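Let me begin by presenting the structure, written as structure tokens, before commenting on it.
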Amino acid sequence: MGHHSGLSFRFTHAITRKPADSVASGIRAVDSGDPSGAKFREEHELYVNALQEAGLSVVVLPPLETFPDSCFVEDPAFCLPEGAIQLRPGTDSREGEGAAIRPALDAVFEKVVELPGTGHVDGGDVLTLDDVILIGLSARTDQAGADDFAKVLAEWGYKAEVCETPEGVLHFKTACSTLGDGVILATKVMADSGFFGDRKVIVVPEGEEYAANVIRVNDVVLVPEGYPKTLAAIEAAGFRTVVVPTHEARKVDGGLSCLSLRFAVS
Ligand code: CIR
């Protein structure tokens with residue numbers, strides 16, 4: 001199928017995984033208290049509802065206690081209309097999540113391949129735009145992984161570019177999102193990076209950097225609760241918004257995009 005208008009936001013399906021109680025020991029850069037599995041599952045249900053309201057058929061996988069960060073399903077896989085790629089997350093406690101999500105990929109896609117080689121890629125470092133797929137090098141995604149991933153994408157007919165995620169940013173998409181229709185939402189540091197060429201970039205107001213991670217799903221943009229200036233900026237640009245609470249996810253550096261794999265299949 002390759003690049004086409006709407007590739008970045010027209011979806012039919014999503015895969016999610018309920019947070020486990022072990023999410024209390026999920027990875028975080030700065031400790032602001034442990035998330036509660038029970039509270040996180042309540043927020044997760046609202047997230048799943050929002051995806052359904054946006055028109056998606058949503059698979060909800062059971063909690064996986066052995067992997068504390070396994071509700072962040074975006075990281076161990078990458079999906080396109082023609083198939084899925086099982087990734088190799090770049091931190092020890094998450095590397096096995098690729099194999100854990102594989103059956104869910106096989107259940108939906110005829111074509112599923114594993115990232116070749118020995119490098120690492122976290123899906124959170126991959127930003128799909130309609131005309132190019134950006135892969136951010138980070139503490140999780142290394143050059144070997146990015147190069148091998150780009151090769152698979154090229155074989156499937158997709159153009160990829162490898163970028164340097166700015167220092168101190170967990171994942172490339174922690175600091176930017178596509179709103180579709182050629183518009184990017186990004187933190188100032190990301191906006192100044194030059195990655196986005198002449199696309200229109202909405203800069204996230206200072207102090208609301210967490211809200212750079214939003215997801216456009218069909219006709220709406222899901223925005224985390226508690227970021228009024230960013231919400232207003234997205235609405236002023238003409239997008240319909242839906243606010244979703246992500247307070248528990250945030251305690252372990254997770255956001256809206258990390259919680260699902262979104263894709264279009266016929
Ligand atoms: C981690 O550090 O891997 C998790 N605690 C958070 C993952 C967030 N995922 C994402 O940004 N795609």
Side-chain angles (χ1 to χ4, degrees), residues 8 14-37 39-40 43-44 47 51 61 63-79 84-98 100-101 115 120-128 133-142 145-146 149 163 165-166 168-178 185-187 189-190 204 209-217 222-224 244 246-263:
S8 63
I15 297 174
T16 66
R17 184 184 294 285
K18 256 189 213 288
D21 288 332
S22 62
V23 73
S25 48
I27 309 169
R28 68 211 76 172
V30 177
D31 195 19
S32 60
D34 295 344
S36 133
K39 271 197 213 149
F40 199 158
E43 292 190 346
H44 193 263
Y47 176 79
L51 294 179
L61 300 170
L64 203 53
E65 294 290 348
T66 42
F67 292 102
D69 288 293
S70 55
C71 60
F72 301 116
V73 287
E74 177 177 67
D75 295 318
F78 181 73
C79 300
I85 301 170
Q86 178 191 326
L87 300 175
R88 208 170 306 108
T91 192
D92 289 351
S93 70
R94 303 200 63 191
E95 192 164 341
E97 287 183 33
I101 196 130
L115 178 70
H120 296 87
V121 174
D122 272 23
D125 284 316
V126 185
L127 179 68
T128 301
I133 295 173
L134 301 182
I135 309 167
L137 300 176
S138 70
R140 303 286 178 87
T141 296
D142 53 30
F149 183 57
C163 315
T165 305
V169 175
L170 170 61
H171 284 125
F172 193 75
K173 276 186 294 189
T174 307
C176 66
S177 313
T178 174
L185 176 73
T187 59
V189 173
M190 278 301 240
V204 173
E209 284 73 12
Y210 174 80
N213 183 272
V214 303
I215 45 175
R216 165 89 186 263
V217 183
L222 272 53
V223 182
V244 182
T246 59
H247 307 287
E248 297 308 295
R250 186 180 171 161
K251 292 178 185 168
V252 278
D253 301 341
L256 289 167
S257 77
C258 330
L259 289 167
S260 61
L261 288 161
R262 304 160 299 280
F263 49 92

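Along the sequence shown, the residues carry numbers beginning at 1. None of these values were measured; they are calculated from a predicted model. When reading the values below, keep in mind they use all heavy atoms of this one structure, side chains included, and skip hydrogens, waters and symmetry mates. Both ligands and their constituent atoms are indexed starting at 1 by order of listing.
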**Message:** Apply salt bridge (charged side-chain N to carboxylate O under 4.0 Å, His left out) to residues D75 and K173 and explain how you reach the verdict.
**Reply:** CA-CA 11 Å; D75 295 318; K173 276 186 294 189; over 6 Å; no
**Prompt:** Any idea how F78 and F149 line up, ring-wise: parallel (<30°), tilted (30 to 60°), or perpendicular (>60°)?
**Reply:** perpendicular
**For E74, the ligand 1 atoms whose distance to one of its heavy atoms is below 4.0 Å** = 12 (N)
**Complete:** A student checking ligand 1 against F72 at a 4.0 Å heavy-atom cut-off should list atoms 4 (C), 6 (C), 7 (C)
**Asked** Just heavy atoms, cut-off under 4.0 Å: does K173 contact ligand 1 by side chain, backbone, both, or neither?
**Response** neither
**Prompt:** Does NZ or CZ of R250 lie under 6.0 Å from the centre of the six-membered ring of Y210, at an angle within 45° of the ring axis?
**Reply:** yes
**Message:** Please tell me whether S138 and R140 have a donor and an acceptor in their side chains that are separated by less than 3.5 angstrom.
**Reply:** no
**Prompt:** With a cut-off of 6.0 Å (strictly less than), are more than 12 heavy atoms of other residues, nucleotides or ligands near CG of D31?
**Reply:** yes
**Asked** Which residue and non-hydrogen atom of the protein lie closest to atom 10 (C) of ligand 1, and at what distance in Å?
**Response** C258 SG, 2.8 Å
**Message:** Heavy atoms only: which of D69, V252, L259 lies closest to atom 6 (C) of ligand 1?
**Reply:** V252
**Asked** Nearest protein heavy atom to atom 2 (O) of ligand 1, by residue and atom, and its distance?
**Response** R140 NH2, 2.9 Å
**Item:** Under 3.5 Å: N/O of T174 near N/O of ligand 1
**Value:** no
**Prompt:** Any heavy atom of R28 sitting closer than 4.0 Å to ligand 1?
**Reply:** no
**Message:** Working note: E209 + T187, criterion side-chain hydrogen bond (donor to acceptor under 3.5 Å, both in side chains); need CA distance, chi angles, decisive distance, verdict.
**Reply:** CA-CA 6 Å; E209 284 73 12; T187 59; over 6 Å; no
**ligand 1-proximal atoms of D75, by part, heavy-atom distance under 4.0 Å** = side chain
**Prompt:** Can you tell me if D122 uses its side chain to pair, donor with acceptor, with the backbone of G90 under 3.5 Å?
**Reply:** yes
**Request:** Output yes when the distance from some N or O of ligand 1 to some N or O of I27 is under 3.5 Å, and no in every other case.
**Result:** yes
